[in-house]
2 protein chains.
Amino acid sequence: MSKGTKELREAGLKVTQPRVTILRFLEQAQQKHLTADDIYRHLNEDGADIGLATIYRVLAQFEAAQLIHKHVFDDGSGRPAQACYELAVDDHHDHMVCVETGEVVEFYDPAIEARQEEIAKAHGYEIVDHALVMYVRKRTQS
Amino acid sequence: MSKGTKELREAGLKVTQPRVTILRFLEQAQQKHLTADDIYRHLNEDGADIGLATIYRVLAQFEAAQLIHKHVFDDGSGRPAQACYELAVDDHHDHMVCVETGEVVEFYDPAIEARQEEIAKAHGYEIVDHALVMYVRKRTQS
DNA sequence: ATTTATGCAAATAGTTTGCACACGT
DNA sequence: ACGTGTGCAAACTATTTGCATAAAT
């Protein structure tokens, strides 16, 4: 009964080896934003034997259980969009993606959040979810 | 030398029948946000004979020429993300997508735009592009 | 005439699914 | 033992690309 087990139980998911392994990996990963393939490769290099299909299935379940969030950054380069996942934490935040390095920076701005609520309300809607991504590049201090 | 021809010339694109047809269609379409397949189906029902591959190629060129904008709404439903395109107009705006009806509402908020610039700058970046999408649902007036 | 564009069909990439077997309770 | 989860390989979807032909200048 190790770390992560409790979260799985609470999410109504059977505690299986792949699910525990994946959850643990997400928890102690140095990089917060990972693609399904990243996870697949890392785990199998570490001796685990988990199929890519399972990774996708587990990630989908984790997302449904709100344990993680899924992002689809349309990296602007036109290439096929790949999804990435990050462990859910209580503090919401948005993302800035550097178009040159691919680096991802998180940020949170109360003013923007508040305006969003107001705008949705003004149109007769309530927000279910939202995604704000800024594609940026390092400033040239000219 | 009909409507749309000028834009194509200015974009450095040869004035071909498919390009003119597609641009015209986008200009007078009732719906502003269309997928490649939407365009393909509508045009071919109207007697045009344009391959889907050509639609994609032309849309990519239009996007590069800033004649249109491409959006990838991750409709939250988990399905494969399909891109949609809309004619570029000088006023920038963001989007609100109803998760129930799929309806797309556009909005623009100077306060949000301004904050974004400030945030990027504070992190040493400049904004290349950005995408703000709110997934919403009609408010239940309880 | 020459270059670029197009249509078709085949290729690609990410993700999903069917099925037989293995695992968790 | 029972039901769910997993691995593998095959299926799918949106999009891209190779190539021979057709247009545009």
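A note on names: the letters A, B, ... follow the listed sequences, proteins ahead of strands, and every chain is numbered from 1. This structure is a prediction, so every number in the text was calculated from the model and none was measured.
- Taking every heavy atom of residues 32-55 of chain A and every atom of DNA chain C, pairs under 4.0 Å involve A:Leu52, A:Ala53, by number.
- Contact annotation for B:Arg19: backbone-only contact, meaning every heavy-atom pair under 4.0 Å involves sugar-phosphate atoms and none involves a base.
- B:Tyr56 has a side-chain polar atom (N or O) that falls below the 4.0 Å cut-off from OP1 or OP2 of D:dT15.
- For A:Asp38, the salt bridge (Lys or Arg N to Asp or Glu O under 4.0 Å) partners are A:Arg41, not counting sequence neighbours.
- The nearest whole Å value for the distance from the CG atom in B:Leu8 to the C1' atom in D:dT25 is 15 Å.
- Between the CG atom of A:Leu13 and the P atom of D:dG5 there is a distance of 8 Å, given to the nearest Å.
- For the pair B:Gln82 CD and D:dA14 P, the interatomic distance rounds to 5 Å; values are reported in whole Å.
- Atoms CG and CG, from A:Asp37 and A:Leu52 in turn, are 6.0 Å apart once rounded to the nearest 0.5 Å.
- Across all strands shown, A:Ala83 has heavy atoms under 4.0 Å from sugar-phosphate atoms exclusively, and none from any base.
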Atom pairs under 3.5 Å, N or O on each side, protein against nucleotides 20-25 of chain C: can you list them with distances?
from	atom 1	to	atom 2	distance (Å)
C:dG24	O3'	A:Val15	O	3.4

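- Residue A:His71 contributes atom NE2, which lies 14 Å from atom P of C:dT15 at whole-angstrom precision.
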Can you check nucleotides 10-12 of chain C for protein contacts, nitrogen or oxygen pairs under 3.5 Å, and list what you find?
none

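- Applying the ring pair (Phe, Tyr, Trp, His ring centres under 6.0 Å) rule to pairs touching residues 34-55 of chain A yields A:Phe25-A:His42, sequence neighbours excluded.
- Applying the side-chain contact (heavy atoms from CB on, under 4.5 Å) rule to B:Val133 yields the partners B:Phe73, B:Val97, B:Tyr135; only residues at least two apart in sequence or on another chain are considered.
- The interatomic distance linking B:Glu63 (CD) with D:dT16 (C1') rounds to 15 Å, in whole Å.
- With sequence neighbours excluded, the residues that form a ring-ring contact (aromatic ring centres under 6.0 Å, His included) with A:His93 are A:His95.
- Considering only residues two or more places apart in sequence or on other chains, B:Asp46 meets the side-chain contact (heavy atoms from CB on, under 4.5 Å) condition with none of them.
- Residues satisfying the side-chain contact (heavy atoms from CB on, under 4.5 Å) test with B:Ala11, not counting sequence neighbours, are B:Leu13, B:Ala65, B:Leu67.
- For the salt bridge (Lys or Arg N to Asp or Glu O under 4.0 Å) condition, the pairs that include at least one residue of residues 100-113 of chain B, sequence neighbours left out, are A:Arg115-B:Asp109, B:Lys32-B:Glu106, B:Glu100-B:Arg137, B:Glu103-B:Lys138.
- Residue pairs meeting the salt bridge (Lys or Arg N to Asp or Glu O under 4.0 Å) criterion with at least one partner in residues 50-60 of chain B, sequence neighbours excluded, are absent.
- When hydrophobic side chains of Ile, Leu, Val, Met, Phe, Trp and Tyr are connected at separations under 4.5 Å, B:Met134 ends up clustered with A:Met96, A:Val105, A:Phe107, A:Ile112, A:Ile119, A:Tyr125, A:Ile127, A:Leu132, A:Met134, A:Val136, B:Met96, B:Val105, B:Phe107, B:Ile112, B:Ile119, B:Tyr125, B:Ile127, B:Leu132, B:Val136.
- The CD atom of B:Gln61 sits 14 Å away from the C1' atom of D:dT17 (whole-angstrom rounding).
- Taking the six-membered ring wherever Trp is involved, the centroid distance between the rings of B:His130 and B:His92 falls below 6.0 Å.
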